[in-house]
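Below is one structure, written out as structure tokens; comments come after it.
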Amino acid sequence: NSKVIQTPRYLVKGQGQKAKMRCIPEKGHPVVFWYQQNKNNEFKFLINFQNQEVLQQIDMTEKRFSAECPSNSPCSLEIQSSEAGDSALYLCASSLSRHAETLYFGSGTRLTVL
Amino acid sequence: GDSVTQTEGLVTLTEGLPVMLNCTYQSTYSPFLFWYVQHLNEAPKLLLKSFTDNKRPEHQGFHATLHKSSSSFHLQKSSAQLSDSALYYCALRYTGANTGKLTFGHGTILRVHP
């Protein structure tokens, strides 16, 4: 069973609405990733953190997406204004370091934008 | 840029036959290669990871050999089982001082039938 906990499991939003999802990484893992898995099963990297610091993020994340990993709280990914094309499975993963360690994935939040 | 290519979108096999899923990569630096497996409605999980010392990783009957000369890390199993039906991703990641992002291929669906 996955030790990376993602909530909610399912999220349904209307276009233009905010959509927020959360992730609790595996205990002791300082590096957290967010990936989007689309309907074609393709993975798109969105953003990653080491502790509270952003390591890398793509342009899409910089504009409509916001993410944070505050200390002692779950990490979160929020879409400020949802679009139909955002409908996907959002996967959170954590690892021990940024140096080729295994990524441990959560079961994901499935977002549907109507 | 870095990329991972999985040539087959779908592989259908009869139980008991050998499995080979292709993976080739393009990378500026020498990366680590991974195979992740995702069963239906589950989180992706690590199946195999390449070693630095040319050992051949093996897990659950699967194995893969990193061939730097051909930039390949094909996944193989001598005899497919029904429970092997899943989505398989090849991925690469660097060891150096970078963000640690995992770059995925598009995935290969393996369907094993009786």
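Everything quoted here is computed from the prediction, not taken from an experiment. We name chains A, B, ... by the order of the sequence lines, and we start the count at 1 in each one.
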Exercise: identify the closest heavy-atom pair between B/Arg93 and A/Ser95 | NH2-OG, 3.4 Å
Contact residues of residues 73-90 of chain B (partner chain A; heavy-atom separation under 4.5 angstrom) | B/Leu87, B/Tyr89
Any salt bridge (charged side-chain N to carboxylate O under 4.0 Å, His left out) pairs touching residues 5-18 of chain B, not counting sequence neighbours?
-> none
Interface residues of residues 82-91 of chain A facing chain B - non-hydrogen atoms under 4.5 Å apart = A/Leu89, A/Leu91
Can you establish whether the number of heavy atoms outside B/Gln26 located under 6.0 Å from its atom CD is more than 12?
-> no
Which bit of A/Gln6 comes within less than 4.5 Å of chain B, counting heavy atoms only: side chain, backbone, both or neither?
-> neither
If you take all heavy atoms of B/Pro44 and A/Gly106, which pair is closest and at what distance?
-> CD-O, 4.2 Å
When B/Lys45, B/Glu42, B/Gln38 are compared by non-hydrogen pairs under 4.5 Å with chain A, the top option = B/Gln38
Cluster question for you: counting only ILVMFWY and a side-chain heavy-atom cut-off of under 4.5 Å, with indirect links fine, are B/Leu66 and B/Leu48 together?
-> yes
So CZ of B/Phe34 and CG of A/Leu103: to nearest 0.5 Å the spacing works out to 7.5 Å
According to a 4.5 Å side-chain heavy-atom criterion applied to Ile, Leu, Val, Met, Phe, Trp and Tyr, with indirect links allowed, do A/Phe33 and A/Ile58 form part of one hydrophobic cluster?
-> yes
Can you get from A/Trp34 to A/Leu55 by hopping between Ile, Leu, Val, Met, Phe, Trp and Tyr side chains that sit under 4.5 Å apart?
-> yes
Residues of residues 102-114 of chain B near chain A, each having a heavy atom less than 4.5 Å away = B/Leu102, B/Phe104, B/His106, B/Ile109
Less than 4.5 Å apart, any side-chain heavy atom of A/Thr102 and any of B/Phe32?
-> no
Is there a path of hydrophobic side-chain contacts, each under 4.5 Å between heavy atoms of I, L, V, M, F, W or Y residues, that connects A/Tyr35 with A/Ile47?
-> yes
Would B/Leu47 and B/Leu92 show up in the same hydrophobic cluster when neighbours are defined by side-chain heavy atoms closer than 4.5 Å?
-> yes
